[in-house]
Amino acid sequence: MRYPIVLMAPDAFETASEYPIGTGPFKFVSWTRYNETRLVRFENYWETDAEGHQLPYLDEIVGKPKREDSVRLTALRTGQVQLIDAMANADVERFKQSYGGEYNTWPWHFGGRLLVFNFRRGPFQDKRLRTAAAHAIDRQAIHHTVYYGNGAMNNQPYPEGNRWHLEGIRMLDYDPDRAKALLKEARAVGTEVQLVCSVNNTPSRESGQVIQDQWNAVGFKVTVEPLDTVPFRNARAEGTFDGLINGHTYRYDPDDFFGRNLHSKSEYAQILSGWQNEHFDRLIEEAKRTVDVDRRKERYAEAWNIVNVELPHYYLHEEVYTAAAGKSLLGYQPSRLGALHYHGGGLRTAYMAT
């Protein structure tokens with residue numbers, strides 16, 4: 001199972017980018033790029049609440065995309081919008097303390113942030129340099145300076161409390177002295193490293209700056225390249241990087257993470273690191289065929305410990321966001337993974353106080 005599928009009218013595929021026709025609780029009205037999306041209540045929607053009243057309650061939803069965190073938060077505070085799906089990590093605690101009486105907030109778990117090492121070219125083809133780079137990363141510093149204490153310093157894709165959180169995971173510790181020793185051993189002090197990140201993602205960009213400082217401190221010579229969306233995707237696809245800060249969303253079935261991101265036969269995995277490992281592949285394939293959840297998790301844990309030794313990826317942090325809404329929005333609760341509406345909840349059960 002991959003992402004939840006939104007069903008579409010089969011005769012509307014060609015016009016879906018301009019006028020989508022689907023099956024949800026709201027009907028599409030209009031869309032203006034980077035400005036506004038308007039939806040109205042679907043009067044024939046099938047779902048009802050516990051008392052038999054037809055959902056959704058809201059007559060209309062108007063979406064106002066705002067890229068900048070500060071602009072989004074100002075729009076909420078000034079009443080331009082009643083709900084935002086995310087605020088800057090730096091603003092979360094201050095907002096709760098200052099405005100907790102006026103607004104509700106909800107943390108939601110988007111996925112994770114990780115570092116990809118390039119196995120196809122460049123200095124990180126040498127395992128000693130990958131290991132040195134991993135030992136040089138202080139994830140506590142990232143936790144506090146990038147995420148402001150929000151979320152968890154996960155050592156794996158699924159957080160505690162999730163069905164697929166794995167036990168017995170081992171990860172390289174922060175050890176700058178060991179990193180320096182490995183670079184000297186490899187005669188690689190002063191090695192130039194190109195670290196690519198997305199300029200449009202604040203945690204990615206800020207993590208890149210932290211890692212640059214930490215790698216430089218142990219003997220690397222690091223250049224950070226923050227790229228816009230298309231150049232970033234091109235660099236990732238073409239492998240024109242040494243290290244890449246990448247994100248992932250949660251997958252409801254773990255094969256859609258482990259298999260897609262790391263299996264040797266996955267096109268996406270080869271676009272990322274280019275790593276290939278037969279033992280890892282066998283474990284992932286066995287897990288995919290295993291029905292028993294505990295036995296399946298054992299296979300994934302063994303496979304992930306291979307990743308933490310060979311280092312095609314090095315896990316940095318959970319990606320967590322905080323939604324906020326004025327207390328006049330009632331009946332609303334985003335899903336733990338951030339969906340704005342879902343069976344029995346979200347925007348389909350939300351209504352405005354009168």
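- Ring geometry, Trp106 versus Tyr332: the interplanar angle exceeds 60°, so the pair is classed perpendicular (tilted spans 30 to 60°).
- Taking Glu160 as the reference, His165 meet the side-chain contact (heavy atoms from CB on, under 4.5 Å) condition, with sequence neighbours excluded.
- Counting non-hydrogen atoms of other residues, nucleotides and ligands closer than 6.0 Å to NZ of Lys327 gives a total above 12.
- Contact check on Glu60 versus Arg41 returns no salt bridge, with no Lys/Arg side-chain nitrogen under 4.0 Å from an Asp/Glu carboxylate oxygen.
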side-chain contact (heavy atoms from CB on, under 4.5 Å) between Lys27 and Glu43, intermediate numbers included: CA-CA 9 Å; Lys27 296 188 296 186; Glu43 66 278 7; 3.1 Å; yes
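- Using a 30° and 60° split on the angle between ring planes, Phe95 and Tyr99 fall in the tilted class, from 30° to 60°.
- Across Tyr315 and Asn154, no two heavy atoms sit closer than the pair CD2-O, 3.3 Å.
- By the 4.5 Å heavy-atom criterion applied to side chains, Asn246 and Phe232 are counted as neighbours.
- Between Glu298 and Thr290 the shortest side-chain heavy-atom distance does not fall below 4.5 Å.
- A heavy-atom distance below 4.5 Å is found between the side chains of Thr105 and Lys96.
- A pairwise comparison of heavy atoms in Leu195 and Gly208 identifies CD2-O, 3.8 Å as the closest pair.
- Using cut-offs of 30° and 60° on the angle between ring planes, the pair Tyr19 and Phe28 is perpendicular.
- Looking at Val224 and Gln209, their side chains never come closer than 4.5 Å, going by heavy atoms from C-beta outward.
- Between Asn104 and Leu329, every side-chain heavy-atom pair lies at or beyond the 4.5 Å cut-off.
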Working for side-chain contact (heavy atoms from CB on, under 4.5 Å), residues Glu319 and Asn201: CA-CA 11 Å; Glu319 201 71 2; Asn201 183 282; 4.1 Å; yes
Test log, rule side-chain contact (heavy atoms from CB on, under 4.5 Å), inputs Thr23 and Met8: CA-CA 7 Å; Thr23 61; Met8 294 177 57; over 6 Å; no
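- A cation-pi arrangement, defined by a distance under 6.0 Å to the six-membered ring centre and an angle within 45 degrees of its axis, is absent between Arg348 and Tyr45.
- Distance alone, capped at 3.5 Å, is enough to place a donor-acceptor pair between the Asp242 side chain and the Gln194 backbone.
- Both Leu129 and Val218 belong to a common hydrophobic cluster when Ile, Leu, Val, Met, Phe, Trp and Tyr are linked at side-chain heavy-atom distances under 4.5 angstrom.
- The shortest side-chain heavy-atom distance between Val320 and Thr322 does not fall under the 4.5 Å cut-off.
- The shortest heavy-atom contact between Val193 and Phe220 is CG2-CD2, 3.6 Å.
- No donor-acceptor distance shorter than 3.5 angstrom exists from the side chain of Asp49 to the backbone of Leu55, with no hydrogens or angles considered.
- A distance-only check finds no donor-acceptor pair linking the side chain of Gln82 to the backbone of Ser328 [under 3.5 Å].
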Verdict with reasoning, Asp294 to Lys297, per salt bridge (Lys or Arg N to Asp or Glu O under 4.0 Å): CA-CA 5 Å; Asp294 290 336; Lys297 288 172 67 174; 5.2 Å; no
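- Counting only distance, with no hydrogens or angles, the side chain of Asn305 and the backbone of Glu302 share no donor-acceptor pair below 3.5 Å.
- Judged purely by atom type and a 3.5 angstrom limit, Ser264 uses its side chain to pair as donor or acceptor with the backbone of Asn277.
- Between the side chains of Asn200 and Thr229, a donor-acceptor pair is found at a separation under 3.5 Å.
- Atom OG1 of Thr349 and atom CG of Leu58 lie 9.0 Å apart (nearest 0.5 Å).
- In this structure, Arg121 places its CZ atom where more than 12 heavy-atom neighbours from other residues, nucleotides or ligands lie under 6.0 Å away.
- No side-chain heavy atom of Pro203 sits less than 4.5 Å from a side-chain heavy atom of His317.
- Follow the hydrophobic side-chain contacts under 4.5 Å out from Val81 and you reach Tyr103 in the same cluster.
- Between Trp46 and His343, the two ring planes are parallel [angle under 30°; tilted spans 30° to 60°].
- For the residue pair Tyr250 / Asn162, no side-chain donor-acceptor distance below 3.5 Å is found, with atom types taken as modelled.
- Checked by atom type, the side-chain pair Thr78/Gln80 shows a donor-acceptor distance below 3.5 Å.
- Residues Gln276 and Gln270 form a side-chain contact, since some pair of their non-hydrogen atoms from C-beta on lies under 4.5 Å apart.
- In terms of heavy-atom proximity, Ser273 sits nearest to Pro312 at OG-CB, 3.6 Å.
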Stepwise side-chain contact (heavy atoms from CB on, under 4.5 Å) test for Arg113 and Ile245: CA-CA 7 Å; Arg113 189 69 44 192; Ile245 298 178; 3.6 Å; yes
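- A donor-acceptor pair under 3.5 Å is absent between the side-chain atoms of Arg139 and the main chain of Asp173, judged by distance alone.
- Environment of CD in Glu185: crowded, with over 12 heavy atoms of neighbouring residues, nucleotides or ligands closer than 6.0 Å.
- Hydrophobic clustering (side-chain heavy atoms under 4.5 Å, transitive across Ile, Leu, Val, Met, Phe, Trp, Tyr) groups Val222 together with Leu316.
- Note that the OG1 atom of Thr223 and the CG atom of Asn216 stand 8.5 Å from one another [nearest 0.5 Å].
- Without hydrogens or angle criteria, Asn308 side chain to Arg170 main chain gives a donor-acceptor distance under 3.5 Å.
- Arg163 and Tyr158 are not linked by any side-chain donor-acceptor pair at a separation below 3.5 angstrom, with hydrogens and angles left out of the test.
- One distance of note links NE2 of His263 with CD1 of Ile284; it measures 7.5 Å at 0.5 Å rounding.
- Counting all heavy atoms, side chain and backbone alike, Val40 lies closest to Val29 at CG1-CG2, 3.5 Å.
- A salt bridge is defined here as a Lys NZ or Arg NE, NH1 or NH2 lying under 4.0 Å from an Asp or Glu carboxylate O, and Asp255 with Arg296 fails to meet this definition.
- A cation-pi arrangement is found for Arg260 relative to Tyr268, the charged atom lying closer than 6.0 Å to the ring centre and inside a 45° cone about the ring normal.
- Only one option out of Phe241, Tyr314, Trp215, Trp275 pairs with Phe124 in a ring pair (Phe, Tyr, Trp, His ring centres under 6.0 Å); it is Trp215.
- Under the 4.5 Å side-chain heavy-atom criterion for ILVMFWY residues, no single connected hydrophobic cluster contains both Val146 and Val92.
- Taking CZ of Phe257 as the reference point, atom NE2 of His248 lies at 4.5 Å (rounded to 0.5 Å).
- Between the side chain of Arg130 and the main chain of Glu310, a donor-acceptor pair closer than 3.5 Å is present.
- A donor-acceptor contact shorter than 3.5 Å links the side chain of Thr74 to the backbone of Ser70.
- Separating the CG atom in Leu347 from the CD atom in Gln333 is a distance of 11.5 Å, to the nearest 0.5 Å.
- Gln125 places a side-chain N or O within donor-acceptor distance of the main-chain N or O of Gly122, the cut-off being under 3.5 Å.
- Atom CD of Glu238 sits about 10.5 Å away from atom CD1 of Ile271, to the nearest 0.5 Å.
- Val293 is connected to Ile169 through a chain of hydrophobic side-chain contacts under 4.5 Å among Ile, Leu, Val, Met, Phe, Trp and Tyr, so both are in one cluster.
- Across every non-hydrogen atom of Met87 and Ile84, the tightest pair is CB-CD1, 4.3 Å.
- A salt bridge links Arg72 to Asp69: at least one charged side-chain nitrogen sits closer than 4.0 Å to a carboxylate oxygen.
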